[in-house]
Trainee: 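Have a look at this one before I ask anything.
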Protein chains: 2
Amino acid sequence: MSRNPAAREPLPSIPLPAVKRLSLYLREIEELLDHGRTTVSSKQLGQALSLTDAQVRKDLGYFGQFGQPGIGYSVAQLAAELRRLLGSDQVSNVCLVGVGNIGRALLDHAGFRRKGFHLVGAFDVSESIVGQSVHGVTVHPMADLPRVVREQAVRFGVIAVPAPAAQSVCDALVRAGVSGILNFAPKRLQVPPHVSINSVDLAVQLEQLAFQVMLAQRG
Amino acid sequence: MSRNPAAREPLPSIPLPAVKRLSLYLREIEELLDHGRTTVSSKQLGQALSLTDAQVRKDLGYFGQFGQPGIGYSVAQLAAELRRLLGSDQVSNVCLVGVGNIGRALLDHAGFRRKGFHLVGAFDVSESIVGQSVHGVTVHPMADLPRVVREQAVRFGVIAVPAPAAQSVCDALVRAGVSGILNFAPKRLQVPPHVSINSVDLAVQLEQLAFQVMLAQRG
DNA sequence: ATTTGTGAAGTGTTTCACAGCA
DNA sequence: TGCTGTGAAACACTTCACAAAT
């Protein structure tokens, strides 16, 4: 039924920007859900996210037909569909490498748990911190990484170490068998094709903001 | 001279993705500079950033003609040009609102200072932390925001408060007169057109990574 | 009347391919 | 030869606009 080319989900290659917006739709939908809203139109969703209504319909259309003409989208149904698509309806185990300032903040970040990520272990090279429990998570020596990843079925690794150490930590996570890496070190990392990576450079974010301001004022 | 359409910089509207890559070019170039490299080709730069050589040349071409045929780009010259373009050759003052886990990490983040950002003040609603000095930065009550922004010529505000408080903090920063806002709260913020904004949702980053992994494994 | 879902059109970005220079 | 700078072509993404559904 319908003109889906295959039984399983997203064969017709979906624009990457659309994929990235999916999380933002879910974030907005969950807020509507908390506020007791039952339906929402593409126009309203678009306004909340600074997108056009057509964009919202196209994006959601890549993943299924969730709306009702004349009515809009059911908030509850859309929340469920997006959670299923994004996998946040099931818990994934995550480990952290680097228990410095950023690492510590991430260990206590409520948003991770809310989205189905469970931080099951932290790692650091500093002997003075190994063995401690930070925000309820035990800090292991780096040598334990393979064992913990195996025993706890860790799917994702978060890198929060200084730039010079980042690539070797990345390699260690890949060898240990994680499927994805979230990198906060200010360094481009090389990973094999079967591992996905997402990098966030905090200072670059500020720099890009400053440049946007400059363009807005001069340009 | 040359075919620049005007005396001042970037009139011919530059693709936003190109603008965002500029910081990444600078990060890479600075590493080459540290390693003593004197020249680099578009191909080499591209490989380091997972871009094509043509992309690198196009991007840099939007801002000037920095290369030499047959040779490549002078690392030192390109570093200087990029720093000038991005404004990291001059210091900008920044303030932080929200001294929780993430806020604390940002106050001690070396990357900001290195890129010419100077954190001159922090703000929080919690009376127990106001008046303290965290990583060398004084924590003020929210009421002092307008005065500090004015007296210290603060250009950028960083938001690291819980989502429900984010919009009102954002409004306060705009009223105080900042030009740009970097938002870490998991919430879409509305700003007037003369203010630029850049948002980073840490949990969304992990969620997007998880989705990429899923697409790579199924799709 | 309102709103979805979606081909077609329009816009934006990347890649190609090559002239020109070192 | 090796490499840049850049129009032209290719590709990707967004917006338009309207038939179909309620």
Side-chain angles (χ1 to χ4, degrees), chain A residues 1-5 9-22 24-25 29 32 37-78 81-82 85 208 212 215 219, chain B residues 1-5 9-22 24-25 29 32 37-75 77-78 81-82 215 219:
Chain A
M1 41 232 72
S2 90
R3 61 190 57 187
N4 250 6
E9 230 88 20
L11 277 203
S13 91
I14 296 160
L16 192 66
V19 166
K20 296 212 158 186
R21 280 190 292 269
L22 229 48
L24 303 178
Y25 291 130
I29 280 288
L32 294 174
R37 284 283 298 276
T38 58
T39 63
V40 66
S41 70
S42 56
K43 194 169 181 179
Q44 294 166 327
L45 250 183
Q47 254 156 0
L49 295 174
S50 308
L51 302 169
T52 65
D53 54 335
Q55 177 97 75
V56 173
R57 292 197 299 279
K58 260 270 145 93
D59 285 352
L60 297 178
Y62 290 121
F63 300 96
Q65 301 184 169
F66 308 131
Q68 274 185 282
I71 309 290
Y73 300 84
S74 151
V75 171
Q77 188 205 334
L78 193 49
E81 293 285 1
L82 289 174
L85 278 166
Q208 288 174 348
Q212 281 170 230
L215 284 182
Chain B
M1 42 226 76
S2 90
R3 60 189 59 187
N4 250 7
E9 231 87 23
L11 276 203
S13 93
I14 295 159
L16 191 66
V19 166
K20 295 211 158 188
R21 280 190 293 269
L22 228 50
L24 301 178
Y25 290 131
I29 281 287
L32 293 173
R37 284 284 297 277
T38 57
T39 62
V40 67
S41 69
S42 56
K43 194 168 182 179
Q44 295 165 327
L45 250 183
Q47 254 155 1
L49 295 174
S50 309
L51 303 169
T52 66
D53 54 337
Q55 177 99 75
V56 173
R57 292 197 299 278
K58 259 271 146 93
D59 284 352
L60 298 178
Y62 289 123
F63 300 97
Q65 302 183 167
F66 308 132
Q68 274 185 283
I71 308 292
Y73 299 85
S74 152
V75 171
Q77 188 205 333
L78 193 49
E81 294 283 2
L82 289 174
L215 284 182

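Side-chain atoms are counted along with the backbone in the values below, which use heavy atoms only and exclude waters and symmetry mates. Each chain gets a letter, A, B and so on, in the order the sequences are listed, and its residues count up from 1.
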Trainee: Which part of the nucleic acid does B:Gly61 contact within heavy-atom distance under 4.0 Å: base, sugar-phosphate only, or nothing?
Mentor: nothing

Trainee: Any base atoms under 4.0 Å from A:Leu51, or only sugar-phosphate, or nothing? Heavy atoms, all strands.
Mentor: nothing

Trainee: A side-chain contact here means heavy atoms from C-beta on lying under 4.5 Å apart; do A:Tyr25 and A:Leu51 qualify?
Mentor: yes

Trainee: Within the structure provided, determine whether B:Leu82 and B:Phe63 are in side-chain contact (heavy-atom separation under 4.5 Å).
Mentor: no

Trainee: How long is the line joining CG of B:Asp53 and P of D:dT6, in whole Å?
Mentor: 15 Å

Trainee: If I take atom CG in residue A:Leu45 and atom P in nucleotide C:dT2, what distance separates them, rounded to the nearest angstrom?
Mentor: 19 Å

Trainee: Taking N and O atoms by type only, does the side chain of B:Lys58 place a donor or acceptor under 3.5 Å from a partner on the base of D:dT6?
Mentor: no

Trainee: B:Ile14 has an atom CD1; how far is it from atom P of D:dT6, in whole Å?
Mentor: 13 Å

Trainee: Hey, which of these two, B:Pro15 or A:Ala54, hits DNA chain C nearer its 5' end, going by closest nucleotide?
Mentor: A:Ala54

Trainee: Could you state the atom-to-atom distance from OH of A:Tyr62 to P of C:dG7 in whole Å?
Mentor: 11 Å

Trainee: Please check the phosphate of D:dA21 (OP1 and OP2 only) for any side-chain N or O of A:Gln65 closer than 4.0 Å.
Mentor: no

Trainee: Is the shortest heavy-atom distance from the side chain of A:Gln77 to the side chain of A:Gln68 under 4.5 Å?
Mentor: no

Trainee: Using a 4.0 Å heavy-atom cut-off, does A:Lys43 contact any base of the nucleic acid, only the sugar-phosphate backbone, or nothing at all?
Mentor: nothing

Trainee: Checking contacts here: which listed nucleotide (C:dT13, C:dG5, D:dG2) is nearest the side-chain heavy atoms of B:Leu16?
Mentor: C:dT13

Trainee: Could you give the CZ-to-C1' distance, from B:Phe66 to D:dT6, as a whole number of Å?
Mentor: 15 Å

Trainee: Name the residue closer to the 5' end of DNA chain D, choosing between A:Gln68 and B:Gly70 according to the nucleotide with the nearest heavy atom.
Mentor: B:Gly70

Trainee: With rounding to the nearest 0.5 angstrom, report the CG to CG distance, A:Leu24 to A:Leu49.
Mentor: 6.0 Å

Trainee: In whole Å, I'd like the distance from the CZ atom of A:Phe63 to the C1' atom of C:dG5.
Mentor: 15 Å

Trainee: CD of B:Gln44 to OG1 of B:Thr39: how many Å apart, nearest 0.5 Å?
Mentor: 7.0 Å

Trainee: Rounded to whole angstrom units, what separation is found between the CD1 atom of B:Ile71 and the C1' atom of C:dA22?
Mentor: 6 Å

Trainee: Considering only side-chain heavy atoms of B:Gln55, which listed nucleotide, C:dT14, D:dT4, D:dT14, is closest?
Mentor: C:dT14

Trainee: Using a heavy-atom cut-off of 4.0 Å across all strands, would you classify B:Leu60 as base, sugar-phosphate, or nothing?
Mentor: nothing

Trainee: Distance check needed: C:dT2 P versus A:Arg57 CZ, whole Å only.
Mentor: 15 Å

Trainee: Given D:dT15, D:dT4, D:dT6, identify the nucleotide with an atom nearest to the side chain of A:Thr52.
Mentor: D:dT15

